> 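Starting off with a structure, shown below.
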Amino acid sequence: MWCLAVLLNYPDLQSVLYEEISRETGQKLPSVDHKENLPKLQAFIQEIYRNLTLLPLGLQHKTMADVELCGYHIPKNTVIFTNLHAVHSDSKTWEDPSKFDIYRHINKNGKFVPSKKVIPFGIGARSCIGEKLAQTEIYLFLANIIKRFEILPDLGSKHPPPLNDGVTGFAFTPFSFKVVLKIRNSG
Ligand code: HEM
């Protein structure tokens, strides 16, 4: 849902992604084979993962034994949260971290640069078991929706959905919003 909320806020970005997808896929439906040649779409998805972390505090874990970590003593049976949001907002890594900018993930040659510091699925032995499935679904959903439809604001909505606030609980999701999907003539 964040992807659609972002596209409503940045119509120019939607056009950039549409151009890239339609140029690369021509008359075909976007598939995983096209992904490599869609650097802006990949950068868009990575920026969504970074800027709008779905599970800001990951899942809780519990220490099975006393642990020393970076000079801190963590006793056995302590509940631990991994602050993924903080990793994604660290100004030592990310310039102007609150800004949504897909171009931070694209190099001078126009290639997508995957980042080990974007970790919406966690890391390590207990990281998300559904990561590959989720990544593929998100890519296919977006490539196909952006190619087939223009994503437009609902005429009854005064403002696009906010990106700096949402429903915060276990997951961070946008407040509910309406969207109009207008079928595109070509493709
Ligand atoms: C955008 C989609 C998703 C995000 C952002 C996400 C994120 C996460 C995160 C942050 C964790 C905790 C990792 C940790 O503690 O280090 C997790 C765990 C998990 N996720 Fe996902 N997830 C997504 C989709 C899915 C899907 C589609 C499935 C199943 C098909 C799934 C199944 C699981 C399971 C079973 C765990 C627990 C793994 C364990 O404790 O060993 N997730 N996920």
Side-chain angles (χ1 to χ4, degrees), residues 1-10 13-14 17 21 30-32 34-36 38-70 72-90 92-94 97-102 104-105 112-147 149 151 161-177 179 181:
M1 292 309 287
W2 280 121
C3 302
L4 298 183
V6 169
L7 292 172
L8 285 176
N9 277 272
Y10 299 109
L13 177 57
Q14 187 178 158
L17 296 174
I21 296 165
S31 72
V32 283
H34 297 113
K35 191 172 173 187
E36 189 71 18
L38 297 172
K40 290 185 184 126
L41 180 60
Q42 291 190 74
F44 173 68
I45 293 171
Q46 185 159 273
E47 185 64 351
I48 293 276
Y49 290 155
R50 186 197 69 81
N51 192 239
L52 295 149
T53 310
L54 186 63
L55 299 182
L57 294 176
L59 295 184
Q60 352 32 343
H61 294 276
K62 189 176 79 174
T63 48
M64 307 291 286
D66 287 5
V67 184
E68 291 295 324
L69 185 68
C70 303
Y72 291 93
H73 175 73
I74 307 170
K76 182 178 174 179
N77 289 330
T78 305
V79 174
I80 304 287
F81 290 87
T82 48
N83 192 340
L84 305 179
H85 167 75
V87 175
H88 293 161
S89 317
D90 188 350
K92 289 191 212 111
T93 309
W94 308 105
S98 60
K99 185 176 172 196
F100 189 93
D101 178 11
I102 70 164
R104 61 172 94 238
H105 308 293
F112 168 63
V113 184
S115 173
K116 289 204 166 115
K117 294 188 174 174
V118 178
I119 51 167
F121 300 96
I123 47 172
R126 299 301 297 270
S127 68
C128 178
I129 205 168
E131 175 171 353
K132 284 275 177 295
L133 175 66
Q135 297 247 33
T136 305
E137 281 184 349
I138 290 165
Y139 160 76
L140 285 175
F141 169 80
L142 278 174
N144 281 280
I145 289 282
I146 295 170
K147 184 170 185 194
F149 300 98
I151 297 151
L163 301 178
N164 57 1
D165 199 6
V167 181
T168 41
F170 167 64
F172 177 53
T173 54
F175 294 127
S176 96
F177 63 94
V179 60
L181 296 184

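Start at 1 and go down the list; that is how both ligands and their atoms are numbered. Because the structure is a prediction, the values reported are computed rather than measured.
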> Are any of the N or O atoms of Y49 closer than 3.5 Å to those of ligand 1?
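It does not: no N or O of Y49 is found under 3.5 Å from an N or O of ligand 1.
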
> Starting from atom 19 (C) of ligand 1, what is the nearest protein heavy atom, named by residue and atom, and what distance separates them?
C128 CA, 3.7 Å

> Quick check on I138 - does any of its heavy atoms sit under 4.0 Å from an atom of ligand 1?
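Under 4.0 Å: yes for I138.
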
> So, does L84 sit close enough to ligand 1 that a heavy atom of it is under 4.0 Å from the ligand?
yes

> Starting from atom 29 (C) of ligand 1, what is the nearest protein heavy atom, named by residue and atom, and what distance separates them?
G130 CA, 3.9 Å

> Taking D90 for its side chain and A86 for its backbone only, find out whether a donor-acceptor pair lies under 3.5 Å.
no

> Cation-pi between K40 and F112: NZ/CZ under 6.0 Å from ring centre and within 45° of the ring axis?
no

> So for I129, does at least one of its heavy atoms come nearer than 4.0 angstrom to any atom of ligand 1?
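I129 counts as a contact of ligand 1 under the 4.0 Å cut-off.
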
> At under 4.0 Å between heavy atoms, which part of E137 makes contact with ligand 1: side chain, backbone, both or neither?
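Near ligand 1, E137 shows nothing, with every heavy atom at 4.0 Å or more.
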
> Report, in ascending order of atom number, the atoms of ligand 1 lying under 4.0 Å from any heavy atom of A134.
2 (C), 24 (C)

> Looking only at protein heavy atoms, which one is nearest to atom 13 (C) of ligand 1, and how far off is it?
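Nearest protein contact, heavy atoms only, for atom 13 (C) of ligand 1 is R126 O, 3.4 Å.
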
> Side chains of F172 and L55: does their closest heavy-atom pair fall under 4.5 Å?
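The answer is no, as the side chains (C-beta and beyond) never meet within the 4.5 Å cut-off.
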
> Within the 3.5 Å criterion, strictly below it, is a donor on H105 or Q42 matched to an acceptor on the partner's side chain?
no

> Give the single entry among T53, L55, I45, L54 that approaches atom 9 (C) of ligand 1 most closely by any heavy atom.
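Among T53, L55, I45, L54, the closest heavy atom to atom 9 (C) of ligand 1 comes from L55.
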
> Which residue owns the protein heavy atom closest to atom 15 (O) of ligand 1, what's the atom, and how far is it?
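Checked against all protein heavy atoms, atom 15 (O) of ligand 1 sits closest to H61 NE2, 2.5 Å.
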
> Is a donor on one side and an acceptor on the other found under 3.5 Å between the side chain of S89 and the backbone of H85?
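Side chain of S89 to backbone of H85: a pair is present.
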
> Could you check whether atom CG of L181 has more than 12 heavy atoms from other residues, nucleotides or ligands sitting under 6.0 Å from it?
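It does: L181 CG has more than 12 such atoms within range.
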
> Are any side-chain N or O atoms of Q14 and backbone N or O atoms of I151, one a donor and one an acceptor, separated by less than 3.5 Å?
yes

> Can you find a pair of side-chain heavy atoms, one from D101 and one from R104, that are under 4.5 Å apart?
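Yes, at least one pair of side-chain atoms sits under 4.5 Å.
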
> Flag T82 as yes when one of its N or O atoms lies below 3.5 Å from any N or O atom of ligand 1, and as no otherwise.
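No; every N/O pair is 3.5 Å or more apart.
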
